[in-house]
Amino acid sequence: MKPYKGEKRTSDIMIKLENINKTYRTGKTVFQALKNINLSIEKGEFIAILGKSGSGKTTLLNIIGLLDSFEEGKYILNKTDVSSLSENKKASYRNNKIGVVLQDYSLINHKKVMFNVMLPLYFDKRCSYFHMKKRAMEMLNIMGIADQAEKKAINLSGGQRQRAAIARAMINEPDIILADEPTGALDSKTAGEIMDIFAELNKKGVTVIIVTHDTDVAKRCGRIIEIMDGRIVKDEVR
C-alpha cells in the first residue's frame, strides 16, 4: 500500500476542500467537528472515509453532499465555489448531481418501493409519470429487487432496503454517490453484496465516497482517508 501524495491534475478534480472548519454549538457547549480539512477528490475515485464514532466523518460527508454548512474555508465542487450558490441551486445540485445513501435508508415505510425509488424524479417537472416508473424499474432491475417494486418498504429485508436506497440515489444518474455506513446494519454476506454494487457503479465512472468505521469495508475502496478528532490523519491509495 503506497501513501497518497495529494498530487492531482487540476482538470480532473471534482471536489476540493480548503481549510474547512465546522463547529456545533449547543447552549454554552462548543464542539469543533472538523479542523482545517484539506482534501481533493478526482472524478471516478472510489473512496472510504474511515473513522470511529464522533471522529467527524459523517459531518465531512454531509458537507461534501451540501447537506451541512461550514464556518471557515472553501469548497469547490465541479469548479464552482459552493458558498456562492443559492439554497435553490444547492438543492438542484443535490437532486441531480449527488446521490446520497443514508445509514437508516430513509425510505417511507408505508409507501411502495416503486414510489420510494421514483421520489427524486417528482421534483423534475419535465419528467412524466411514465418515464419515472420506467426509470425506477430499470434501477430496481439493476439492484436485483424488481420483484419487490409493489411491496411496501417496511416489508423489505435490510439488504433489500439498502438496495432500494441505492436505486433511489442512482435514479437521476448522479456524478457522485455518498454513502453513510451503508453496511453497518447488514450481515457480512449482504454487506459484501452491497459493496459489490458500489464497485460496479464506480467502474461505470461514478465517484463513490463511503463513510465507514469498518476496516474491511474500507479495504474494498481504492483510497482510504482516515479521520480522527476532526482531522485527516492518513490518506492513502491501495
Side-chain angles (χ1 to χ4, degrees), residues 1-24 31-79 82 94 97-103 166 169 174-184 191-192 194-199 201-203 205-238:
M1 194 178 297
K2 57 185 178 179
Y4 176 72
K5 299 182 183 302
E7 296 171 355
K8 293 288 185 181
R9 296 186 300 277
T10 304
S11 60
D12 293 333
I13 293 175
M14 173 178 281
I15 293 166
K16 187 174 181 62
L17 304 179
E18 299 178 353
N19 298 313
I20 295 292
N21 286 275
K22 172 66 180 179
T23 301
Y24 293 106
F31 172 68
Q32 189 168 359
L34 296 178
K35 305 168 186 176
N36 298 317
I37 296 292
N38 289 280
L39 178 62
S40 293
I41 296 173
E42 286 186 4
K43 179 176 173 58
E45 288 200 81
F46 190 12
I47 293 175
I49 300 177
L50 179 66
K52 296 179 180 179
S53 178
S55 62
K57 60 187 187 299
T58 295
T59 298
L60 178 56
L61 193 80
N62 287 341
I63 285 174
I64 292 172
L66 304 179
L67 297 168
D68 204 350
S69 59
F70 51 92
E71 292 85 28
E72 297 177 352
K74 181 182 285 189
Y75 175 16
I76 305 297
L77 175 62
N78 287 331
K79 300 181 181 179
V82 165
R94 284 194 299 268
K97 302 293 184 182
I98 303 171
V100 180
V101 181
L102 298 173
Q103 186 175 3
I166 296 170
D175 300 321
I176 305 166
I177 285 287
L178 306 177
D180 188 3
E181 298 282 7
T183 63
I194 294 301
M195 288 304 296
D196 288 341
I197 290 172
F198 285 124
L201 291 173
N202 180 248
K203 285 179 182 178
V206 179
T207 302
V208 179
I209 305 173
I210 295 174
V211 154
T212 184
H213 67 275
D214 189 331
T215 54
D216 289 334
V217 169
K219 288 175 182 177
R220 291 288 307 271
C221 302
R223 177 180 170 193
I224 300 175
I225 298 166
E226 188 172 349
I227 188 167
M228 181 184 298
D229 297 328
R231 298 184 187 275
I232 292 175
V233 296
K234 188 183 293 184
D235 189 346
E236 59 187 18
V237 293
R238 298 179 55 77

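For reference, positions follow the sequence shown, starting with 1.
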Original post:
Between Ile98 and Leu77, which heavy-atom pair has the shortest distance, and what is it?
Top reply: CD1-CD2, 4.2 Å
Original post:
If every non-hydrogen atom of Ala191 is compared with every non-hydrogen atom of Thr183, which pair is closest and at what distance?
Top reply: CB-CB, 3.6 Å
Subject >> Leu17 side chain near Leu60 side chain, heavy-atom distance below 4.5 Å >> reply: yes
Original post:
For the side chain of Asn38 and the backbone of Asn19, is there at least one donor-acceptor N/O pair under 3.5 Å apart?
Top reply: yes
Original post:
Out of curiosity, Glu45 CD to Arg223 CZ, how far, rounded to the nearest 0.5 Å?
Top reply: 4.5 Å
**OP:** Could you tell me the separation between the OH atom of Tyr75 and the CD1 atom of Ile64, rounded to the nearest 0.5 Å?
**Re:** 6.0 Å
Original post:
Yes or no on side chain to side chain contact (heavy atoms under 4.5 Å, CB included) for Leu50 and Thr215, after CA distance, side-chain angles and deciding distance?
Top reply: CA-CA 7 Å; Leu50 179 66; Thr215 54; 4.1 Å; yes
Subject >> Shortest non-hydrogen contact between Ala179 and Phe198, atoms and distance >> reply: CB-CZ, 3.8 Å
**OP:** With the side chain counted from C-beta on, respond yes when Ile232 and Ile37 share a heavy-atom pair under 4.5 Å apart, and no when they do not.
**Re:** yes
Original post:
Does some side-chain heavy atom of Leu67 sit less than 4.5 Å from a side-chain heavy atom of Leu178?
Top reply: no
Original post:
Is it the case that more than 12 heavy atoms not belonging to Lys35 sit under 6.0 Å from its NZ atom?
Top reply: yes
Original post:
Looking at CD1 of Ile194 and CD1 of Ile197, how far apart are the two atoms once the value is rounded to the nearest 0.5 Å?
Top reply: 4.0 Å
Subject >> Side-chain H-bond candidate by donor/acceptor type, Gln32 with Asn21, under 3.5 Å >> reply: yes
Subject >> Check: Arg220 and Asp196 side chains under 4.5 Å, non-hydrogen atoms >> reply: yes
Subject >> Spatial distance of atom OG1 (Thr23) from atom CD (Glu72) [nearest 0.5 Å] >> reply: 7.5 Å
Original post:
Does some side-chain heavy atom of Ile76 sit less than 4.5 Å from a side-chain heavy atom of Ile13?
Top reply: no
Original post:
Under 4.5 Å between any side-chain heavy atoms of Glu226 and Val233, yes or no?
Top reply: yes
Original post:
Where do Glu71 and Lys22 land on the side chain to side chain contact (heavy atoms under 4.5 Å, CB included) test, with the steps shown first?
Top reply: CA-CA 6 Å; Glu71 292 85 28; Lys22 172 66 180 179; 3.9 Å; yes
Subject >> CD1-CG distance between Ile225 and Asp235, expressed to the nearest 0.5 angstrom >> reply: 4.5 Å
Original post:
Does some side-chain heavy atom of Leu61 sit less than 4.5 Å from a side-chain heavy atom of Val100?
Top reply: no
Original post:
Roughly how far, to the nearest 0.5 Å, is NZ of Lys203 from CG of Leu201?
Top reply: 11.0 Å
Subject >> Residue pair Thr207 / Gly44: nearest heavy atoms and the distance that separates them >> reply: OG1-N, 2.7 Å
Original post:
Is it true that a side-chain atom of Arg238 and a backbone atom of Ile224 form a donor plus acceptor pair closer than 3.5 Å?
Top reply: no
Original post:
Is Asp229 atom CG crowded by more than 12 heavy atoms from other residues, nucleotides or ligands, each under 6.0 Å away?
Top reply: no
Original post:
Going by the side chain to side chain donor-acceptor pair (under 3.5 Å) test, which pairs reach into residues 48-58, not counting sequence neighbours?
Top reply: Thr58-Asp180
Subject >> Nearest atoms (heavy-atom pairs only) where Ile227 meets Ile49 >> reply: CG2-CG2, 4.1 Å
Subject >> Contact summary for Phe46 and Cys221, nearest pair of heavy atoms >> reply: O-CB, 3.5 Å
